[in-house]
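Encoded as structure tokens, the structure appears first; notes follow it.
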Amino acid sequence: MSIPIIDFSAFRNGTEEERRELAYRVTDEFKTHGAARLKNHGISGEIFLYLKAIKKVYELSDKFFKLPQAEKEAIANVRDHNPQRGYSYVGSEATSKVTKKDEEGEFQICEDDDVAQDLEDVKEHFDFTRDGDPDFPTPWPSEASLPGFHGWMEGVFLPKCQQVARDVLTAIEIGLGVAEGTFTSCMESRVDELRIQHYPPLSTETLKTGKIKRCHPHTDFGFITLLFQDATGGLEIEDRASANGAWLPVIPTGEPTEVGVYISDTLVHKTNGYLRAAVHQVTAPVSLKDKEEGVLPERYTIALFAKADRHAHIGPLPQFVTPDTPRRYPDLTALELHNKRVGQLYDARPKVGSAAVTASA
Ligand SMILES: O=C(O)CCC(=O)C(=O)O
Ligand SMILES: [Fe+2]
């Protein structure tokens, strides 16, 4: 089985009926896999502008990760429970600490009393949000070291991705039969986060230790994640139809406008588990899977983590709580959930009533 690529253009350009049909189709895909692959989603009106934007985001990423290490570390992410901002070095984020397998072999979100696994991710990344974030501003590289980087990433690319995320969430609202705006109206402060990510070359031998991956199985924390990947491959989604823990590789197709969309924890809470988050990992690309010796080439990806407003309540919507499906999640705010999950990444769990939990946005 593989995840089909759905043409999303009718969501902007189609008739009302085409728009609804598409919304149902995409939501079905999310119900089955927790993920969907979309093309022609209107990141810009015209394909050549889209291609230019994608080319530019990879070029700028490449320049960023080639900066001297000391310059990157001067804008380092603080490894606490707050939203991530700035540069994270290889090994800083440990995705294995946020998701565990239960006795039935199902992936679950870790709880505070779980013993964290000691597994390493081999990736470096830079995380940012919009300018003017009142609580968690981004430390940017200086204009002198990376001309145009801040302005284009924050002012051009981020808003384009934010628009795609809102379109997809509107499609999910239609597909689920909830009022339009149920999710998108609690995204007004636009605190979505964009991440550029670099996976350095890695020997297949290293992977065989079982302790190291490019990214261990985990779910993301926001409403949904949009993921653009280069041609290298290696991203895999849990195959829910398999009884023996198989993974579905998301093989890059070369389809230029493709973006992967992954259901994340906040939407799981809101729908009381009706939509389940996509468990995903990054390992060897299919062509290198069973090679005794070899080197995974470096890899670049871009992720938009679409986030709810920090004070939005993300407890289950009443229509998803029934006698057959009792309430599964407490009525946290988006920031409380975010703090809990980011804290797990760094073994830095928030204390109740801490400053972060009372941020203003
Ligand atoms: O780079 C990828 O393919 C996945 C990255 C990812 O899962 C993440 O940043 O949360
Ligand atoms: Fe992820």
Side-chain angles (χ1 to χ4, degrees), residues 3 30 33-38 54 57-58 61-62 64-65 77 79 83-100 107 109-110 119-129 158 161 165 192-202 207 212-238 247-253 258-268 276-286 288 296-307 337-338 341-342 344-346:
I3 305 174
F30 285 128
H33 298 293
R37 301 177 79 174
L38 305 178
I54 292 295
V57 73
Y58 285 119
S61 293
D62 184 52
F64 176 86
F65 290 110
N77 173 56
R79 300 174 75 255
Q84 294 160 291
R85 300 286 182 263
Y87 174 69
S88 295
Y89 54 85
V90 172
S92 174
E93 178 180 286
T95 44
S96 66
K97 294 189 171 162
V98 297
T99 309
K100 61 176 182 188
F107 284 104
I109 284 177
C110 288
L119 305 171
E120 194 186 334
D121 292 4
V122 183
K123 63 180 192 206
E124 54 178 343
H125 47 100
F126 173 75
D127 295 84
F128 66 92
T129 190
L158 173 65
C161 294
D192 316 283
E193 294 162 1
L194 219 145
R195 165 178 293 187
I196 58 174
Q197 193 141 236
H198 173 231
Y199 299 85
L202 190 67
L207 290 178
I212 290 172
K213 279 190 181 170
R214 285 191 148 168
C215 208
H216 288 273
H218 69 282
T219 57
D220 295 343
F221 313 155
F223 269 142
I224 54 174
T225 297
L226 306 183
L227 192 95
F228 302 90
Q229 56 169 335
D230 70 10
T232 313
L235 174 63
E236 300 181 341
I237 308 284
E238 179 195 19
W247 294 88
L248 293 172
V250 184
I251 300 170
T253 56
E258 194 216 316
V259 68
V261 186
Y262 304 102
I263 301 293
S264 308
D265 300 338
T266 306
L267 206 49
V268 177
R276 286 163 56 205
V279 180
H280 52 287
Q281 64 172 6
V282 185
T283 178
V286 174
L288 287 169
L296 277 55
E298 67 178 344
R299 175 172 187 261
Y300 288 89
T301 61
I302 323 288
L304 184 274
F305 303 116
K307 295 265 149 94
L337 177 64
H338 199 170
R341 303 291 277 143
V342 178
Q344 290 172 338
L345 287 171
Y346 303 122

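Order of appearance sets the numbers: ligands from 1, and atoms from 1 within every ligand. Quick note: residue numbers are just sequence positions, from 1.
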Item to check | Side chain, backbone, both or neither: Leu227 near ligand 1, heavy atoms under 4.0 Å | outcome: side chain
Item to check | Minimum-distance pair of heavy atoms, taken over all atoms of Val279 and Pro217 | outcome: CG1-CB, 4.0 Å
Next on the checklist: One residue to check: Gln229. Relative to ligand 1, which of side chain, backbone, both or neither has a non-hydrogen atom less than 4.0 Å away?
Outcome noted: neither
Checklist entry - Any salt bridge between Lys213 and Glu236, counting N to O under 4.0 Å? => result no
Next on the checklist: Tell me if the centroids of the rings in His280 and His218 come within less than 6.0 Å of each other.
Outcome noted: yes
Item to check | Non-hydrogen atoms of Ala277 and Thr219 that approach each other most closely | outcome: CB-CG2, 3.6 Å
Next on the checklist: Measuring from non-hydrogen atoms of His218 to any atom of ligand 1, is the shortest distance under 4.0 Å?
Outcome noted: yes
Next on the checklist: Tell me whether Arg79 forms a cation-pi arrangement with Tyr346, defined as NZ or CZ under 6.0 Å from the six-membered ring centre and within 45 degrees of its axis.
Outcome noted: no
Next on the checklist: Quick check on contacts: which atoms of ligand 1 are under 4.0 angstrom from a heavy atom of Phe305?
Outcome noted: 9 (O), 10 (O)
Next on the checklist: For ligand 1 and Lys123, I'd like to know whether there is a polar contact (N/O to N/O, distance under 3.5 Å).
Outcome noted: no
Checklist outcome for this item: Looking only at heavy atoms, the pair that brings Ala284 and Leu207 closest together is CB-CD1, 3.9 Å
Item to check | Minimum-distance protein heavy atom relative to atom 1 (O) of ligand 1 | outcome: Tyr199 OH, 2.5 Å
Checklist entry - For ligand 1, is Arg195 a contact, meaning one of its heavy atoms is under 4.0 Å away? => result yes
Checklist entry - Just how far is it from atom CD1 of Ile263 to atom CG of Asp220, taken to the nearest 0.5 Å? => result 11.0 Å
Checklist entry - With atoms numbered from 1 as shown, which atoms in ligand 1 lie under 4.0 angstrom from a non-hydrogen atom of Val282? => result 2 (C), 3 (O), 4 (C)
Item to check | Metal site angle (apex the Fe ion (ligand 2)), NE2 from His280 and OD1 from Asp220, 10 degrees | outcome: 100°
Checklist entry - Relative to the heavy atoms of Gln197, which atoms of ligand 1 are at a distance of less than 4.0 Å? => result 1 (O), 5 (C), 8 (C), 9 (O)
Checklist entry - Is the closest heavy-atom distance from Arg299 to ligand 1 below 4.0 Å? => result yes
Checklist outcome for this item: Between the CZ atom in Arg214 and the OG1 atom in Thr301, the distance rounded to the nearest 0.5 Å is 10.0 Å
Next on the checklist: Tell me the closest heavy-atom pair linking Tyr300 and His198, and the distance in Å.
Outcome noted: CZ-CD2, 3.4 Å
Next on the checklist: Using a 4.0 Å cutoff against the non-hydrogen atoms of Asp220, which atoms of ligand 1 qualify?
Outcome noted: 10 (O)
Checklist entry - Would you say Cys215 has an N, O or S atom lying under 2.8 Å from the Fe ion (ligand 2)? => result no
